[in-house]
Protein chains: 2
Amino acid sequence: MTRSSEATRTRILAAASRLFYAEGIRAVSVDAVAEKAAITKKTLYYHFRSKDDLVAAYLAARDQPNLELFKRWFEETPGALPDKLAGLFRQLARAARHPKWRGCGFLRTTAELANLPGHPAIRIGAAHKKKFEAWLQAVFEAEGISGAAELARQMLLLLDGSFAVVLLHRDASYMESAGEAARSLAAAALTRRSRSGPARKRAAAHRSR
Amino acid sequence: MTRSSEATRTRILAAASRLFYAEGIRAVSVDAVAEKAAITKKTLYYHFRSKDDLVAAYLAARDQPNLELFKRWFEETPGALPDKLAGLFRQLARAARHPKWRGCGFLRTTAELANLPGHPAIRIGAAHKKKFEAWLQAVFEAEGISGAAELARQMLLLLDGSFAVVLLHRDASYMESAGEAARSLAAAALTRRSRSGPARKRAAAHRSR
DNA sequence: CAACGTATATTCACTGGTCAGTATACTTAA
DNA sequence: TTAAGTATACTGACCAGTGAATATACGTTG
């Protein structure tokens, strides 16, 4: 490496991430990203093959941090499973009240590129959501919930629904409504478990802080 | 009117609607709309002040038909309230399996124009969703459900969540999961009503076909 | 150990094409 | 004859991507 190859790449990605998230994909030119990163466009094209590549890298870089943030919000909430789910949505609502919040970058990119079904960025977004769904399902299975997969899907619907609705109305209280719906659905699933399911654990003694 | 003013306007709007829905807003040029409508761009600008105007008109034209379609899907489903809600989502899933389906035009436009918060198209989209929410709330109130407003919000979260998730994964079965979640939440709300609420109607005898 | 060669990393200036919107003039129905 | 409606041809800005040249670091070899 000559001077700062990796650092430059990181700087480009940081600039792209901020711009794409704030303004959208097609609204941000490659020139704008290069200017924000304080390099020339040609340098950008040295590190990324095309704008589509850059968009994919933008989402790929958000994958892990996003998942870990959501997991942390869940785990740091005290109480039983329904409370932890509601806590996740409460933290989400708090984040959505920040003036720079613009919804879910994965969903917005998918919506914007919906006419390009095979686009790499869309595949990254889909994989990201699938990972979160799989994590939720594992959590539910550990609680002995029988319809864990179905419940995980419903949580994802509420999560992504709240992203969409809050972005539309600019009213973060919808996320708290989503949290209450999540709490109800999870509580009902737990009840079904303790009636007829395998009941691998007692529900009461689950709190993590 | 010289030759066909109103017909021309309609034709432009039809072309814009098909293109904007299929490809997105910023991906479709005014030239492309004019060509699809078989007129010149100048004629388009005679009928619409700007592209933003055209985008707003595109969504405004979809407002009423969309609402009526959803209401019809609800009302044509036999059974009690939870069944009717599940039926709405089942019809939605059927529509989403059509190859030309590209999610909700209102949500996708909002996501794409999220960097222009005051854009008229976004206001039209927000009003559209609010109308649907208000209609749902009225339906729930007629059933004597006490938390009708909150339940309507949760239904909207599931609806818009299913638009987003199905667009991402191209898997319409998520809409059926959303329908089951809607059914559960509504059934629980009805149970609460019959226990402690005003119970203005008997739930059993509600079917519409 | 010093001169060189090569891969990495970066720049400036450019291309061909597209974009939203317009200046001007023609057509036709009332 | 006049105003609504349509057409041709254009503007200036912007866009994704590139060609040719340059700068820097480092291993190799004389």
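Each chain gets a letter, A, B and so on, in the order its sequence line appears, and its residues count up from 1. Everything quoted here is computed from the prediction, not taken from an experiment.
- Using a 4.0 Å cut-off, some side-chain N or O of B/Y46 falls inside it from OP1 or OP2 of D/dG5.
- Between B/H119 and B/T110 there is no side-chain heavy-atom pair separated by less than 4.5 Å.
- A search for side-chain contact (heavy atoms from CB on, under 4.5 Å) contacts involving B/A96 returns B/W101, B/V166, B/A172, B/M175, not counting sequence neighbours.
- As a whole-Å value, the separation of B/L44 CG from D/dA7 C1' is 14 Å.
- Within the 4.0 Å cut-off from OP1 or OP2 of D/dT6, at least one side-chain nitrogen or oxygen of B/T8 is found.
- Here the C1' atom of nucleotide C/dT27 and the NZ atom of B/K42 are 15 Å apart, to the nearest Å.
- Between B/V55 and B/T109, the closest side-chain pair of non-hydrogen atoms falls below 4.5 Å.
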Original post:
Quick one: what's the B/S/- string for nucleotides 11-16 of chain D, heavy-atom cutoff under 4.0 Å, read 5' to 3'?
Top reply: ----SB

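- If you take CZ of A/R9 and P of C/dT8, they are 15 Å apart, rounded to a whole angstrom.
- Atoms CD1 (A/I12) and P (C/dT11) sit 9 Å apart, rounded to a whole Å.
- One atom, CZ of A/F48, and another, P of C/dA9, lie 13 Å apart when rounded to the nearest Å.
- The side chain of A/H47 approaches C/dT10 more closely than any other nucleotide in the set D/dT6, D/dG19, C/dT10.
- When the side-chain nitrogen and oxygen atoms of B/T43 are compared with OP1 and OP2 of D/dA7, one or more of them lie within a distance under 4.0 Å.
- The distance between atom CZ of A/R49 and atom P of D/dT18, rounded to the nearest whole Å, is 11 Å.
- Atom CZ of B/R11 is separated from atom P of D/dG5 by 14 Å (rounded to the nearest Å).
- For the pair B/V30 and B/L54, the minimum side-chain heavy-atom distance is 4.5 Å or more.
- Side chain to side chain, B/E133 and B/Q137 fail the donor-acceptor criterion of an N or O pair below 3.5 Å.
- Only one option out of B/R153, B/R108, B/K129 pairs with B/D160 in a salt bridge (charged side-chain N to carboxylate O under 4.0 Å, His left out); it is B/K129.
- Between B/R94 and B/W73 the shortest side-chain heavy-atom distance falls below 4.5 Å.
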